[in-house]
Every structure is written in structure tokens, then in C-alpha cells.
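Written out below as C-alpha cells is the structure these notes cover.
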Amino acid sequence: MKLRYLGYACINMSLEKTTNKTFRLSNLTEEKYLDTVRYNLKSLEDIIRWNAEHGIYFFRIGSELIPFASHADFLYDWTTDFKKEFAALHKLGKKHKMRFSMHPGQYSVLNSPDEKVVVNAIRDIEYHTEVLDLISPETGRIVIHAGGVYGDKKAAMKRFIKNFSKLSKKAQGMLILENDDRSYNIADVLEICTRLKIPAVFDILHHDCNPAEGDLKELLKMVVETWGEDIPKFHISSRKGEKGCPHTDYIEPEYFIRFKKIIDNLHFDKEYDIMIEAKMKDKAVLKIINNAMKVVNG
DNA sequence: TCGAGTCAAGTTCAG
DNA sequence: CTGAACTTGACTCGA
């Protein structure tokens, strides 16, 4: 396979801009909401332009683009209030053939046994769906993890599959599932993805923390197959020390090259994208383009 | 202005 | 059973 895009998430360190400016729920006023969303959308526009200038065509939009939009008490009609801005972003992304994704946080748990938690998770996923439907219905994907285990992984996976069916058709079409670093390894994720006919996202660090049985190459083949005609995307991050997974500032070039080689050697006539998860964000991507890629390409 | 504490939210595990 | 860790960035308030 052939590497197409490298991407990063939410923040641009060169511009010092984020799509995740927020405020306290207790301070939520119409003015605060309007100001903050305006800032986030403008930042996103600036980041897209910067990305285009620097040859980066893949970006994760922050979940807090519209702070509290998925909260039960949120009153404002953000899709109408910012219709113009969203239309402009859609046009801009399309012009540069950008790919976008989003990643709801750890509190969105679709497979929870607690009905209230599931209702909140669904509302959150539908919010992400609306954002991506406005900015990039062509490429938008929502990455989530499978959730908790609750002492019975098989039952928890069944619950995930059942609750998936409660999502809108649009949300179902955008949802993709990523292996996590403690509970659901890539084999578990593949099992769910195959059942639901949705793509699987392989994260190499999470796989190193929480490996699945079997040959990595075979697992990756199955991952690629879940994408059908679409372009698969992979995640790479690296971490400090042994405990937890705080991301390092940059990805170690050897780690990146090793991962890239494995994917390159899969026998598919396809392109693929990689999302870089490192503290230095865009700078980490540029460093890989300027260093690691040159080593690889000779 | 700076640093410490806090934030909408869930799950897991140590004690 | 409870409280802290998980992982993480940004806000807020008090010094």
C-alpha cells in the first residue's frame, strides 16, 4: 500500500490556534457561546489554510468546536447561527481535498449498561455527526472506542452492537472503531466491525500496550478489508515511560518507519492515511515529513 | 500575571 | 465501598 496523507489533531502549534476553546458550563451565556464558537470556527479555517500551505491534508476537528452542544440543556441552534461559516469551511476543505475526522472523548460510552450513559453517548455522537455533515460529508468519520467491559466482554460487545442500531443512519455511516490500550484489542474491534460492517482503525501504540493474539500482518489485512473501497486510516503515537500513555512531543522516527514498512508491505493496491498523535501536533508531522520520510525514500 | 485547582461527562482498580 | 487514576487541555480564581 502507499502512504497518502499524514494528519494531526485539534491544535496547530505553529499558529498557536485550537478548535477546542471552551468555557465553564456555569458561565454559559449566549454571548459566551457565540464568541467561543466564532473563535473555534475561525481557528479551523486558519488551520485548514495553513495545512494546505504546508502539504497537510488530514485533520481531526476538536470535539469542543461547539462547546456543550451535546449537553442535554444546550439551548442554541448552532447549525443555523453559523450556517455561513460552515458552508465556507465545507468549500475550503473540498477545494484542498482535505480529509476530516473527529474523536469523542472518554465519557461517550455507547456500550454502557446504564441507559442514561447510552442516551448521552448517542446525543454526543449525533452532535459529531452534524458537525462533520456540515464540514465534510464526503470524508467525515467519527472515531470511538468500544467502551467498558463490566466484567463480561462478550456481553459488552453485544450491547455495543445493539446500541449502534439506535444511532441515526447518518451517524452509523460515519462511525469507525479503534482498538484501545487496555480493554478492546484489535481482534475484538475487528469482531464488532465485521458484524456492523464498519471500518476498524488500527492504533499501533494501543496494539503494543494491548496486543491481540495472532500475526500482525494477518490482523492488518483484516483491518484494511473493513474499509472496502474507502481509504484506510491508521493511528500512531508514542509515549513516555511505562505507565499510562501520555503522548511524547514527537514520534520517534524508527517507530514510524517500522510501522510504515509493515503497512507498505501489505498486498493491497490502495492508498492509506496516518493520523499522528503527538504533543507537538503539526510540528511532529512536519518533522516526520522532513526526516523519517526522507530516510525511507532514500 | 501566575500557578493551583477545577471542569459535563465514565470506568476501573487499589485500598 | 470510596476515592483516585486514567489523560488532557483549557478555564478560573485567588495570591
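Residue numbers start from 1 in every chain, and the chains themselves are labelled A, B, ... in the order their sequence lines are given, proteins ahead of strands. Only heavy atoms go into these numbers, but all of them, side chains included; no hydrogens, no water, no symmetry mates.
- Rounded to whole Å, the distance from OH on A:Tyr127 to P on B:dA9 is 17 Å.
- A:Ser108 comes within 4.0 angstrom of no nucleic acid atom, judged by non-hydrogen atoms across all strands.
- A salt bridge is absent between A:Asp264 and A:Lys2; no separation between the charged side-chain nitrogens and carboxylate oxygens falls under 4.0 Å.
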What's the verdict on salt bridge (Lys or Arg N to Asp or Glu O under 4.0 Å) for A:Arg49 and A:Asp46, showing C-alpha distance, side-chain angles and the deciding distance?
CA-CA 5 Å; A:Arg49 290 187 197 286; A:Asp46 293 345; 5.2 Å; no
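- Across the P atoms, B:dT6 and C:dA4 are found 11 Å apart, a figure rounded to whole Å.
- The 12-atom threshold is exceeded at NZ of A:Lys166, counting heavy atoms of other residues, nucleotides or ligands nearer than 6.0 Å.
- With salt bridges taken as basic N to acidic carboxylate O contacts below 4.0 Å, one links A:Asp273 and A:Arg4.
- When rounded to the nearest whole Å, the span between OH of A:Tyr184 and P of B:dT11 equals 11 Å.
- Ion pairing between a basic and an acidic side chain is recognised when a charged N comes within 4.0 Å of a carboxylate O; A:Arg123 and A:Glu126 show no such pairing.
- Spacing between B:dA8 and C:dC13 at atom P, rounded to whole Å, works out to 12 Å.
- At a threshold of 4.0 Å, the pair A:Lys21-A:Glu64 does not count as salt-bridged, since none of the basic side-chain nitrogens sits closer than that to a carboxylate oxygen.
- Looking only at distances, a side-chain donor or acceptor of A:Tyr127 sits under 3.5 Å from a matching main-chain atom of A:Ser63.
- Between the CG atom of A:Asp180 and the P atom of C:dC6 there is a distance of 16 Å, rounded to whole Å.
- Between A:Arg159 atom CZ and B:dT11 atom C1' the separation is 12 Å, expressed in whole Å.
- Nucleotide C:dG9 holds its C1' atom 16 Å from the CG atom of A:Leu65, rounded to whole Å.
- Atom NZ in A:Lys279 sits about 11 Å away from atom P in C:dT7, given to the nearest Å.
- Checked by atom type and distance alone, the side chain of A:Arg60 never pairs as donor or acceptor with a backbone atom of A:Met102 at under 3.5 Å.
- Shortest non-hydrogen contact noted between A:Ala284 and A:Tyr250 is CA-CD2, 3.5 Å.
- Helical stems of DNA chain B (runs of at least 3 Watson-Crick or G-U pairs, donor-acceptor distances under 3.5 Å) are listed by first residue: B:1-7 with C:9-15, B:10-15 with C:1-6.
- Using the six-membered ring where Trp is involved, A:Phe68 and A:Phe23 have ring planes that are tilted, between 30° and 60° apart.
- Regarding A:Ile144, its CD1 atom lies at a distance of 20 Å from the P atom of B:dA9, rounded to whole Å.
- Taking atom CD1 of residue A:Ile122 and atom C1' of nucleotide B:dA8, one finds them 18 Å apart after rounding to whole Å.
- In this structure, the nucleotide among C:dT7, B:dG10, B:dA8 sitting nearest to the side chain of A:Asp181 is C:dT7.
- Between B:dG5 and C:dA5, the distance separating the two P atoms is 13 Å to the nearest Å.
- The backbone N or O of A:Ile56 lies less than 3.5 Å from no partner atom in the side chain of A:Asn51, so there is not a single donor-acceptor pair.
- Side-chain atoms of A:Ser112 do not come within 3.5 Å of backbone N or O of A:Val109 as any donor-acceptor pair.
- For A:Tyr107 and B:dA9, the ring-to-base geometry satisfies the stacking test (centroid distance below 5.5 Å, interplanar angle below 30°).
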Would you tabulate the pairs of protein nitrogen or oxygen atoms and nucleotide nitrogen or oxygen atoms of nucleotides 12-15 of chain B closer than 3.5 angstrom?
residue, atom, partner, partner atom, Å
B:dT12, OP1, A:Val149, N, 2.6

Could you run down nucleotides 10-15 of chain C 5' to 3' and tag each one B, S or - for protein heavy-atom contact under 4.0 Å?
BBS---
